[in-house]
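The structure appears below as structure tokens.
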Amino acid sequence: MKLLKPSWVSHNGKPIFSVDIHPDGTKFATGGQGEDSGKVVIWNMAPVLREEDEKNVNIPKMLCQMDNHLACVNCVRWSNTGLYLASGGDDKLVMVWKRAAFIGPSTVFGSSSKLANVEQWRCVTILRNHTGDVMDVAWSPHDVWLASCSVDNTIVIWNARKFPEIVASLKGHTGLVKGLTWDPVGKYIASQADDHSLKVWRTMDWQQETNITKPFNECGGTTHVLRLSWSPDGQYLVSAHAMNNSGPTAQIIERDGWKTNMDFVGHRKAVTVVKFNPKIFKKKQRNGSSPKPSCPYCCCAVGSKDRSLSVWLTSLKRPLVVIHDLFDKSIMDISWTLNGLGILVCSMDGTVAYLNFSQDELGDPLNEDEKNAIHQNIYGKSLAITTEAQLSTTIIENPEMLKYQQERQRAEQANHRMTHEAQAHKLTSVVNGESLEDIRKNLLKKQVETRTADGRRRITPLCIAQLDTGDFSPALFNSVPILPGSASQLTSQLSSDSNTATSNLDPLSTPLGGKAPDDAKDRSVVCLVFSAILSMKSNLLLTTSTKMEPMKALDSRFTERSKVMPGVTISMAGLTPLDRVKDSSTLKELKDETSSDSEDKMALEKRKALDVEGGDNQVEKRKKGRPRKMDAKMMMPVSHQPFQQATPSSEKEPCCVAAVPLAVLKLPTPTPQKAFTLQVSMEPPVYLEVENEVSAVSGAKLSQLRCSREGREWDTLLPSRVITAAGSSDVVAVACADRMLSVFSACGRRLLPAILLPAPMSALHCSGFYVMALTACATLSVWDVQKQSAVVKNESLQTILSGTQCTVSQSLLTQQGVPVIGLSNGKSYCFNSSLETWNLIADKQDSLVQCADFKNCISSQDALVSQGPLALTQGHNLNAGRLASRLSSTPHHLQHGMTLVFLENQLASALTLRSSTEYHYWLLIYARFLVTEGSDYRLRELCKDLLGPVHKSASSAWEPTTLGLRKRDLLRELLPVIGQNLRFQRLFTEYQDQLELLGNK
């Protein structure tokens, strides 16, 4: 080791707070205090490295001096390319410097003629945002961002390609922030402050990843700077100014779990600066000895207020070298040369020192291939794949590749511009000039209170709608609002089990056998409000008219939800006629219709209901005074339960079919109702109204089914009580208490003779021409009415229910006729009719979902396409999984593998569900992930499958289409994605040429 203190490197006796060596090793910069301003000086490195150059008067020592800062300069940092120099100072400014064209030597202002600037450096931009002294600046890998921290407790992330654009402002520290360092992988940035904490922030969303305080709790006093550093392999983060057993240390923080079990000890005073060598080393092989495999290690330099410097190797328990009393005052900054053998150190006493090591002392530095192999092993990818320095020197061999590279740059610029505009103009939902937040607050103050005939208070429940802030992330595609225009598309795609789930609700209905209470008119309003609350469980977010008054807009929202949402049953006393639901557009009209009923009609209905419900003809007389108490069933609050167990009554429903024993019943059945109404389709709007026991013929009680479609109505009679009904824009299906299933066309024509079910109906769904029946004995059947064929024949659910204590929580039928069953344990299965197997398509406890991280592979154009049977089955579980992946400490290579498996599962599930839209959506994400991570083999196999054989062969089983999508068209869509990574340009050219030869085949 050699030590040199060049006396000619000086700020005229003033402190030097920062030093940084240029990436090419030819120059270095210092920053500190000038005569009456901040000073940045660029020095020649040659006189430091070689004594003969130092003595040569023709070789300049100082290259340029810049005095633009109005106050002391605290930090100078070269960009990774060496093109720019950033400096931050006490004048609250960050200046970015760039070398100007040579215009001849110039004299430094206020100096003698001997002091001349050999190079011309000009300030190209001044970054103004901090409100306090700027203490540290740091360039991110590949110079995408520039970070600065200040005594104003904030860290500002600047867009280094579009100065002075601000990407993010990180707030969370409660003390002066005095140090920054970037993760070499580019996933994190770490900061250390006087608040005795070290925080790690994610670059994905600029949120806090972890907050480390334990090693700093004992720290007393403060230091001028807290320069922390990240190891070149990304596995260790070393902090400044930590304490262990009342002794100063440099705390070592492991990336895996952010553990703080190790530290560098030995300094007598607080550690001010830590700097890792940019190289990774291995033990040097002696001459003639056979090479032995050795574990790579890193080298780290530590400076302290005790004026000493220590150099550590992670392979040794003790420091490699300790130099005491190197300076007269505290060490301020450290910088390594790019070859890893030289180090510059500066001090507050205004001097610098240079240490030169040999490979015998440090070891053999790994070359780029070996370093990339380590990154590949740790993080699952080589950092060289996306290194812009390498990509910039790669020759583009294909003009189409060049076009896609240019399109990618334009798209990135457009995205940055859109992001900036979105931040500048935040959208706010306003109704008639009043924000929804104000409406919410006002509604909470306006409590609607009524009084019954006996003087009791009754508070009408209000549905406070979810605020639409207009700020949603395209990554969380399940939370994207669906506007009314796209709602019909979603509803037509699949039919959920909301019909059956809500068909048994009887919210606060007036008993037909008794006198309606005085607040019967309000009761219908309450029923609609409860229906609206239940319908809010859906993903649809309907917007309201901005022309309405706030209170009227809310009422209309209630009415619209109860009308438009499929499967919401309206079951109220005196509201069985279909035209009441169809024609009423506001609650007020509904109230008026209810109050317009005559007393004679109510009395007639009351006697008729008594005959049906009580089974005898006794009429209870109305007593004076307080109204009689309603039975417990009628007073129960409305709850959203999947099913209610119904006990078949032989008295009410005479039937010649033998009843199924209760022991066989595994699934609950809907509760029979006197009458109910539901909407089964929105485009076109189709309403069904069922009224049981409308008349008796020869001792048999008939039920009536009425259907309304675009102003046209048809009705039919059924010989048994209707238990549940379902429908689509093409067919209507009705299940009766005698286990008969009837199917009608959109015009009311019976399409099939009544189907005898093996057990009472538990859930009934229709989608297109498909009809799905789930019986109480856990058997499933699906029929294609148009083709008069069975898709699924009495398939038992025993396979998915056996060995578990769970029950069926939901069921649905996709537009392609694929049945989906959801269980209470969070798992969902679909039946594959081709393989005759149950396939798992969703699991809320799946660890793959918890660790999958593919946010960067989602395009904003794809977000609205992701609504389909797979997305609705998995629900918001994917959102929670992505959030958990950001907060977890899963190693990158493991997270990479789990993300890959998860995306392939999504592709296979979409294929099984026959959802072409979702298959296309996940295929694009999968391809982007393979391109980003550099998965060559899988990407080539995917392209090969989509291209297929070039020449026709009788033995080939390759199909040109999948789910109605032409495979070669999909490959054409993937080529621009592949073209974004220059590493795959040979693969890009190969398949582009093949597609051109095939033409439109």
Side-chain angles (χ1 to χ4, degrees), residues 496-514 523 526-527 530-531 533-535 537 566-576 609-610 612-615 630-655 659-662 664-680 688-694 701 703-705 718 720-727 733-741 757 759-765 773-778 807-811:
S496 70
D497 63 333
S498 55
N499 314 9
T500 314
T502 57
S503 62
N504 54 8
L505 298 178
D506 194 9
L508 297 177
S509 59
T510 305
L512 296 178
R523 187 158 304 181
V526 175
C527 178
F530 272 106
S531 298
I533 294 174
L534 293 179
S535 66
K537 298 177 77 64
V568 176
T569 304
I570 304 174
S571 176
M572 293 175 288
L575 282 180
T576 54
L610 274 175
V612 176
E613 298 291 337
M630 291 185 289
D631 61 332
K633 178 182 176 181
M634 297 303 176
M635 291 299 293
M636 282 176 57
V638 179
S639 61
H640 188 267
Q641 301 173 352
F643 302 99
Q644 292 182 5
Q645 184 70 36
T647 305
S649 174
S650 58
E651 297 179 1
K652 291 185 178 181
E653 193 63 49
C655 182
V660 179
L662 290 179
V664 181
L665 300 180
K666 298 180 180 179
L667 303 180
T669 58
T671 302
Q673 300 179 77
K674 169 63 180 174
F676 60 89
T677 304
L678 68 154
Q679 182 178 0
V680 296
L688 295 182
E689 178 191 354
V690 173
E691 189 171 359
N692 288 317
E693 301 173 352
V694 292
K701 298 174 182 177
S703 299
Q704 184 180 40
L705 169 67
L718 297 163
S720 179
R721 176 189 289 266
V722 177
I723 301 299
T724 183
V734 176
C736 298
D738 58 0
R739 294 193 282 129
M740 288 295 182
L741 175 65
L757 301 173
M761 183 70 71
S762 178
L764 180 64
H765 303 290
L774 181 61
T775 64
C777 63
T807 59
V808 176
S809 61
Q810 69 168 352
S811 58

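Predicted, not measured: the structure shown is a model, and the values here were computed from it. Both backbone and side-chain heavy atoms feed into the values below; hydrogens, waters and symmetry mates do not.
The shortest heavy-atom contact between S703 and S720 is OG-O, 3.0 Å. The nearest pair of heavy atoms linking A773 to L741 is CB-CD2, 4.5 Å. Heavy atoms only, all atoms of each residue included: E689 and T677 are closest at CG-OG1, 3.8 Å. L667 approaches T775 most closely through the heavy-atom pair CD1-O, 3.5 Å. When every heavy atom of A735 is checked against every heavy atom of L764, the shortest pair comes out as N-CD2, 4.1 Å. The minimum heavy-atom distance between A759 and C777, with the atom names listed, is CB-SG, 3.5 Å.
Distance check: C736 SG to L718 CG gives 4.5 Å after rounding to the nearest 0.5 Å. One finds the CG atom of L774 at 11.5 Å from the OG1 atom of T669 (value rounded to the nearest 0.5 Å).
In this structure the side chain of R721 reaches within 4.5 angstrom of the side chain of E693, judged on heavy atoms. Looking at V722 and T724, their side chains never come closer than 4.5 Å, going by heavy atoms from C-beta outward.
No side-chain donor-acceptor contact under 3.5 Å links K674 to the backbone of E691.
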